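Report on the following structure.
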Protein chains: 2
Amino acid sequence: MSGGPRRGGVVNQDRWHAGGRWDPYDQDCPSRQLLDRIGDRWTVLVVLALADGPRRFSELRRSVGGVSQKMLTQTLRALERDGLVRRTVFAQVPPRVDYTLTDTGTSLLEPLRGLLDWSSAHMDDVLASRARHDEGEADGAAHERVAASGG
Amino acid sequence: MSGGPRRGGVVNQDRWHAGGRWDPYDQDCPSRQLLDRIGDRWTVLVVLALADGPRRFSELRRSVGGVSQKMLTQTLRALERDGLVRRTVFAQVPPRVDYTLTDTGTSLLEPLRGLLDWSSAHMDDVLASRARHDEGEADGAAHERVAASGG
DNA sequence: CAGTATCCTTGCTGATACTG
DNA sequence: CAGTATCAGCAAGGATACTG
């Protein structure tokens, strides 16, 4: 998935959540894989698009603007494999396939919304900081913090 | 970053969550930009690594296993530009540079932890589903849901 | 220590064409 | 409608070498 070197075997999950904590810094830790998963910009968009209920392939394609057929299929397959999305085929012609969030998939909506909420609260600050920073660079001004050695 | 065309002005956030809903499919919607940011897998890892206080460059490099020098620098620069991280240079030799989470950066920890919590709660399910799915594929068994046309 | 600059490979991604 | 297969382009990411 991430293309990085993997040990190649089944991993012992107890290794990482000793004391109930995961270690995302460990390349082999599953929590790291979550990050890889939401790293795909389509994954999050598709999950969000399914928040209100089942959607057909073509609906998703329209809904998630800019996604290619290939990427949508690929994303849906990965989500299905992870048990976040259920695929239902209707035996009829023309074909009809519905995609639905599983319970696990639905549960992901909550933390995702937490992120979206943060965005709504702080994105202005981020955008402002970005603009300020870019201005400063144009001036060649060095506005970095320099602390005394202190010793 | 995403390289896409931007309108360049300050955006009115009310535009996107009319009725409490976001439109991450809109290029200009803040939620889309957040997605771009956490899309880099290093960004999240670095922010998390700074949760417990200031860290030096070399500490981060060790802490965030697998990150290259180039990627760490790049990530840190982006975070600084966005006002999530503050860079402090100590005028001494050998050089010492500290990175600290700003208030905005710190506030991001909460939703991030929400994601990590989700991961710790559901990663087992995801991993199990994945294994099950892969097994089924090896068997060539079709365990996909086929619904009746239903009339 | 803390970067910067450069090269080069990897693989993601989208466009296109074809199938059931 | 809902995919699968194949190909070409580009950019992210890593390794390496060098600097202040």
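Keep in mind that what you see is a predicted model, and the values were worked out from it rather than measured. Reminder, nothing fancy here: chain letters follow the sequence lines and each chain counts from 1.
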(message) Check B/D98 with B/R96, please: is the shortest side-chain N to carboxylate O separation under 4.0 Å?
(response)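 So B/R96 pairs with B/D98 through a salt bridge.
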(request) State whether B/D82 and B/R37 are salt-bridged, where the test is any N-O pair (Lys NZ or Arg NE/NH1/NH2 against Asp/Glu carboxylate O) under 4.0 Å. (result)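 Salt bridge flag = yes for B/R37 with B/D82.
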(message) Is there a side chain to side chain contact (heavy atoms under 4.5 Å, CB included) between A/L48 and A/L116? Walk through the geometry before answering.
(response) CA-CA 11 Å; A/L48 254 21; A/L116 259 12; 4.0 Å; yes
Consider the side chain of [X], meaning its heavy atoms from C-beta on, and name the nucleotide among [options] that approaches it most closely.
X	options	value
B/V97	C/dG14, C/dA2, D/dA2	C/dA2
B/W42	D/dG14, C/dA2, D/dT4	D/dG14
A/R77	D/dA17, C/dT13, D/dT4	D/dT4
B/R87	D/dA2, C/dA2, D/dG3	C/dA2
A/M71	D/dG14, C/dA2, C/dG14	C/dG14
B/P95	D/dC1, D/dG20, C/dT13	D/dG20

(message) Does anything in residues 54-65 of chain A come within less than 4.0 Å of DNA chain D? Heavy atoms only, and list the residues if so.
(response)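 Nucleic-acid contacts, sorted: A/R56, A/F57, A/S58.
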Report the distance from atom [atom1] of [X] to atom [atom2] of [N], rounded to the nearest whole Å.
X	N	atom1	atom2	answer
B/L45	D/dG13	CG	C1'	15 Å
B/D36	C/dC12	CG	C1'	15 Å
B/Q69	D/dT16	CD	P	13 Å
A/L72	D/dA2	CG	C1'	10 Å

(request) Determine the contact category for A/Q74: base if any of its heavy atoms lies under 4.0 Å from a base atom, sugar-phosphate if only primed atoms, P, OP1 or OP2 are that close, otherwise nothing. (result)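 Contact class for A/Q74: none.
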(request) Tell me yes or no: between the side chains of B/Y99 and B/R87, is some donor less than 3.5 Å from an acceptor? (result)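 B/R87 and B/Y99 do have a side-chain donor-acceptor pair below 3.5 Å.
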(message) Check this for me: A/R145, atom CZ, are more than 12 non-hydrogen atoms of other residues, nucleotides or ligands nearer than 6.0 Å?
(response)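 Check fails, neighbour count at 12 or below.
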(message) Just so I know, are the side chains of B/L76 and B/Q74 near enough to count as touching, which here means a heavy-atom distance under 4.5 Å?
(response)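 No; the side chains remain at least 4.5 Å from each other.
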(request) Check whether any side-chain heavy atom of A/T88 sits under 4.5 Å from a side-chain heavy atom of A/V97, and report yes or no. (result)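 Counting from C-beta outward, A/T88 and A/V97 never come under 4.5 Å.
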(message) With a cut-off of less than 4.0 Å, is there a side-chain N or O of A/Y99 near OP1 or OP2 of D/dG3?
(response)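 A/Y99 to D/dG3 OP1/OP2: side-chain N or O found under 4.0 Å.
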(request) Answer yes or no: is there a donor N or O on one side and an acceptor on the other, between the side chain of B/E59 and the main chain of B/R56, under 3.5 Å? (result)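 It does hold such a pair.
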(message) Has A/T75 got a side-chain atom pairing as donor or acceptor with A/W42's backbone, closer than 3.5 angstrom?
(response)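 Not a single qualifying donor-acceptor pair exists.
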(request) Take A/K70 and A/L76, find for each the nucleotide of DNA chain D with the closest heavy atom, and name the residue whose nucleotide sits nearer the 5' end. (result)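 The residue closer to the strand's 5' end, by nearest nucleotide, is A/L76.
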(message) Please convert DNA chain D into dot-bracket. A pair counts if it is Watson-Crick or G-U wobble with both distances under 3.5 Å; crossing pairs go in [ ] and bases paired with another strand get |.
(response) ||||||||||||||||||||
